[in-house]
Peer 1: 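Please find one structure pasted underneath; my questions will follow.
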Number of protein chains: 2
Amino acid sequence: MTRCSECAVRDRAICQSLCEADLEELSRLGRHQTLEKGQALLWEGDESLLVGNVVDGVLKLCSTTSAGRDQTLGTFYPSDFLGRPFASTTPHSVIAVTDARVCTFTRSAFDGFARKHPDLEHKLLQRTLSELDRARRWMLLLGSKSATERVSAFLLDLASRLPAEPVDQGSDGAIRLELPFGRQEIADLLGLTIETVSRQITQLKHDRIIDTPSRRAIVILDRAGLEACAGEL
Amino acid sequence: MTRCSECAVRDRAICQSLCEADLEELSRLGRHQTLEKGQALLWEGDESLLVGNVVDGVLKLCSTTSAGRDQTLGTFYPSDFLGRPFASTTPHSVIAVTDARVCTFTRSAFDGFARKHPDLEHKLLQRTLSELDRARRWMLLLGSKSATERVSAFLLDLASRLPAEPVDQGSDGAIRLELPFGRQEIADLLGLTIETVSRQITQLKHDRIIDTPSRRAIVILDRAGLEACAGEL
DNA sequence: CGTTCAATTGATACGGATCAATGCAAGTGG
DNA sequence: CCACTTGCATTGATCCGTATCAATTGAACG
């Protein structure tokens with residue numbers, strides 16, 4: 001079994017608040033799980049079975065509307081906490097966007113442990129508050145931004161979340177992003193259609209703001225230009 | 001000074017977690033404030049000065065985009081907690097929708113008190129988690145619902161939040177809502193324009209799903225019909 | 001009774017959705 | 001190694017819902 005003290009996200013996940021002894025106890029409650037791309041960890045409306053931390057990979061939180069349209073409500077990167085503690089059902093599904101590793105706990109075991117460890121609950125509170133800020137920023141995007149603004153904002157958000165690799169040739173501060181998402185997934189995230197996303201990307205490419213060396217890679221050539229396209233924030 | 005033990009929201013706000021003695025201590029940190037309709041309590045981007053509970057009235061959380069458009073990101077009703085604890089700036093403005101009374105604390109005083117009272121932090125965590133669920137449901141609305149669905153969902157949401165008054169004449173289960181919001185405010189909440197909101201309301205009226213005895217009142221005649229218009233959820 | 005402000009209604013424009021076709025890269029099997 | 005399939009992404013043509021612009025109505029108030 002993998003020891004928590006050697007965890008890849010030991011110093012970033014909410015567990016950072018625990019001392020060695022408590023960590024030991026928590027690790028006995030948890031279990032590591034690997035997920036394949038596309039696999040679901042939690043289902044919308046189901047019992048809230050699991051909570052946990054992302055160790056590696058990217059996951060998404062999503063919901064399907066009656067019209068069959070899919071809307072993605074959030075994303076999880078390594079060290080992020082996922083699941084719905086302190087409630088009996090999970091309001092949305094959690095699905096792996098890439099192959100992923102997560103460290104999970106049954107909700108009841110986690111809830112019990114958390115109630116006895118105020119520092120952990122405090123970390124969780126801080127994270128939940130940030131997540132709420134994040135969700136509200138996204139609401140702003142969904143409620144009152146154009147397609148160009150949405151795509152630009154998405155790329156900037158991604159750049160801030162992903163381990164950014166600077167491009168070799170000294171072409172100013174160009175940044176290369178390996179997209180974990182396909183076009184359809186981006187569309188679901190932004191409340192647009194795949195065609196609109198595609199058109200916006202080609203537009204940004206024509207304007208020399210980004211480049212697309214491959215379908216799954218984006219190079220930000222002109223960060224300031226991209227920020228201008230994204231509107232304030 | 002108003003004693004916490006006699007507070008109108010004593011048994012619903014997060015303070016319900018405190019014993020008499022702690023409540024006494026907290027009440028010495030707080031202060032009651034009255035706000036007039038339209039008055040701001042917190043400004044977007046400012047230092048996070050205050051947090052608190054709504055005692056009476058309705059407030060909204062909002063943000064102005066570069067394009068001058070206003071988007072409302074949330075609403076606060078009596079017993080709701082507002083403000084951004086544990087952060088140095090508030091990401092959005094809080095504005096009174098009606099005349100209101102709030103019980104406020106400086107953020108720093110509240111943070112310190114909360115850190116020492118795990119039960120209070122726990123209540124706050126639960127509330128923040130629900131607020132996040134709520135925000136995500138609203139994201140779904142903003143990201144992938146039509147104007148009709150948005151207006152219908154809004155009315156249903158309001159019905160669940162407001163003290164509902166059943167209409168006198170035995171006309172089945174008709175419910176009368178006194179709207180705290182004007183049309184423009186509804187539009188900001190739903191990411192629509194005032195004209196579109198107005199048209200949707202007239203449409204629902206024609207379909208005998210609602211009635212509008214006055215500008216600021218709505219009677220839900222056919223709740224099932226309204227739910228159907230709102231799509232699932 | 002006029003003034004004022006919000007809400008409604010109408011006419012038109014436009015952005016993004018939808019429908020349909022084409023392009024392109026990565027397999028797969030002969 | 002080449003034809004064929006398969007799955008995404010792009011591009012094009014058209015349609016529809018909501019925004020926008022402009023006018024009218026209606027209720028509250030002095």
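Within every chain, numbering begins at 1; the chains are lettered A, B, ... in the order of the sequence lines, protein sequences first and strands thereafter.
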Peer 1: Are B:Arg136 and B:Glu131 close enough for a salt bridge, meaning some N to O gap below 4.0 Å?
Peer 2: no

Peer 1: Counting only N and O atoms by type, is there a donor-acceptor contact under 3.5 Å from the side chain of B:Arg183 to the main-chain atoms of B:Arg215?
Peer 2: yes

Peer 1: Whole Å only: how far is the CG atom of A:Leu190 from the C1' atom of C:dG16?
Peer 2: 13 Å

Peer 1: Return the nearest nucleotide to the side chain of A:Ser146; candidates are C:dT9, D:dA9, C:dG16.
Peer 2: C:dG16

Peer 1: Nearest 0.5 Å, please: how far is CD in B:Gln71 from CG in B:Leu189?
Peer 2: 7.5 Å

Peer 1: Nucleotide by nucleotide, 5' to 3', does protein get under 4.0 Å of the base (B), only the sugar-phosphate (S), or neither (-) in nucleotides 20-30 of chain D, counting heavy atoms?
Peer 2: BB----BS---

Peer 1: Taking CZ from A:Arg150 and C1' from C:dG16, how many angstroms apart are they, rounded to a whole number?
Peer 2: 10 Å

Peer 1: Does a donor on one side chain sit under 3.5 Å from an acceptor on the other, for B:Thr98 and B:Lys37?
Peer 2: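 Side chains of B:Thr98 and B:Lys37: no pair found under 3.5 Å.
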
Peer 1: A:Val94 and side-chain contact (heavy atoms from CB on, under 4.5 Å): which partner among A:Leu50, A:Leu42, A:Val54?
Peer 2: A:Leu42

Peer 1: Tell me which of A:Gln200 and B:Ile194 sits closer to the 5' end of DNA chain C, going by the nucleotide each one is nearest to.
Peer 2: B:Ile194

Peer 1: Rounded to the nearest angstrom, tell me the gap between atom CZ in A:Arg216 and atom C1' in C:dA26.
Peer 2: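 Rounded to whole Å, this separation is 13 Å.
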
Peer 1: Does a donor on one side chain and an acceptor on the other come within less than 3.5 Å for A:Lys60 and A:Thr72?
Peer 2: no

Peer 1: Would you kindly give the CG-to-C1' distance between A:Leu192 and C:dT18, to the nearest whole Å?
Peer 2: 14 Å

Peer 1: Rounded to the Å, how far apart are A:Arg183 CZ and C:dG16 P?
Peer 2: 18 Å

Peer 1: Atom CZ of A:Phe181 and atom C1' of D:dG7: how far apart are they, to the nearest Å?
Peer 2: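 Roughly 20 Å, once rounded to whole Å.
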
Peer 1: Measure from CG on B:Asp188 to P on C:dA6 and round the result to the nearest Å.
Peer 2: 13 Å

Peer 1: Less than 4.0 Å between a side-chain N and a carboxylate O, is that true for A:Asp80 and A:Arg12?
Peer 2: no

Peer 1: Tell me the interatomic distance from A:His206, atom NE2, to D:dT10, atom C1', rounded to whole angstroms.
Peer 2: 11 Å

Peer 1: Under 4.0 Å: is that the gap between some side-chain N or O of B:Thr202 and OP1 or OP2 of C:dT9?
Peer 2: yes

